[in-house]
K.L.:
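The structure that follows is given in the form of structure tokens.
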Amino acid sequence: MAHSRSASRPRSILIVLGALVGAAIAIWNFVTPLTGVTGTFGAGLVIASSVLIALAGIVIQLTEPGAIRTILRVLVALGLLGTAAAAYFLHEWWLIAAMGVVLIGLIYDIASSRGARSKGAYA
């Protein structure tokens, strides 16, 4: 019973929202003239990484606890660290803030899943 309630709660909503906001910021910087990163490969890579983080957040929400969810969480953590590092080098502070939202969402997802299951780590 507790497991089905856990699956229906939007645990990963902050991951998806933060990543989509990050993608929107990166797209705006990519297409807007005089941002310093207009049309650069790095800005395009940040767009792709943000979209992939959002997709991973959706898949995390839809998957059952287990190895796949854990692997996706690790990949989201690595993706947000890489995206935040790229944002730092590109001087895109709002993008770093968006990745901070993703980090809070990832922590919330892990904490809420652990609370839903009384046993097991990183469910």
K.L.:
Between Leu72 and Leu106, is there a shared hydrophobic cluster once you connect ILVMFWY residues whose side-chain heavy atoms come closer than 4.5 Å?
P.N.:
yes
K.L.:
What is the distance from atom CG of Leu52 to atom CD1 of Ile47, rounded to the nearest 0.5 Å?
P.N.:
12.0 Å
K.L.:
Is it the case that one hydrophobic cluster holds both Ile110 and Ile107, taking links as side-chain heavy atoms less than 4.5 Å apart, direct or via other members?
P.N.:
yes
K.L.:
Can you list, by chain and residue number, the hydrophobic cluster partners of Phe41 when the side-chain cut-off is 4.5 Å?
P.N.:
Leu45
K.L.:
Which atom pairs, donor and acceptor, lie under 3.5 Å between side-chain atoms of residues 75-103 and protein residues at least two apart or in another chain?
P.N.:
residue	atom	partner	partner atom	Å
Thr83	OG1	Ser49	OG	2.9
Thr83	OG1	Gly79	O	2.7
Glu92	OE1	Asn29	ND2	2.7

K.L.:
Is there a side-chain contact between Ile71 and Ile68 in this structure, where contact means two heavy atoms from C-beta onward sitting under 4.5 Å apart?
P.N.:
no
K.L.:
Between Ala26 and Ala43, which heavy-atom pair has the shortest distance, and what is it?
P.N.:
CB-O, 4.4 Å
K.L.:
Closest approach of Glu64 and Arg69, non-hydrogen atoms and distance?
P.N.:
C-NH2, 3.7 Å
K.L.:
Is a donor on one side and an acceptor on the other found under 3.5 Å between the side chain of Gln61 and the backbone of Arg11?
P.N.:
yes
K.L.:
Which heavy atom of Ser12 sits nearest a heavy atom of Asp109, and at what distance?
P.N.:
N-OD1, 4.5 Å
K.L.:
Considering all heavy atoms of both residues, which atom of Thr38 and which atom of Thr35 are nearest to each other, and what is their separation?
P.N.:
OG1-OG1, 3.1 Å
K.L.:
For residues Gly105 and Leu14, report the shortest heavy-atom separation together with the two atoms involved.
P.N.:
CA-CB, 3.4 Å
K.L.:
Roughly how far, to the nearest 0.5 Å, is the CD1 atom of Ile15 from the CG atom of Leu20?
P.N.:
11.5 Å
K.L.:
Just to verify, what does Thr32 make a side-chain hydrogen bond (donor to acceptor under 3.5 Å, both in side chains) with, not counting sequence neighbours?
P.N.:
Trp28
K.L.:
Heavy-atom distance under 4.5 Å between the side chains of Ser113 and Arg73, does that happen here?
P.N.:
yes
K.L.:
State, yes or no, whether a side-chain contact exists between Val37 and Phe30 at a heavy-atom distance under 4.5 Å.
P.N.:
no
K.L.:
Who passes side chain to side chain contact (heavy atoms under 4.5 Å, CB included) against Val31, sequence neighbours left out?
P.N.:
none
K.L.:
Give the minimum heavy-atom separation between Ser50 and Gly22, together with the two atoms involved.
P.N.:
OG-C, 3.8 Å
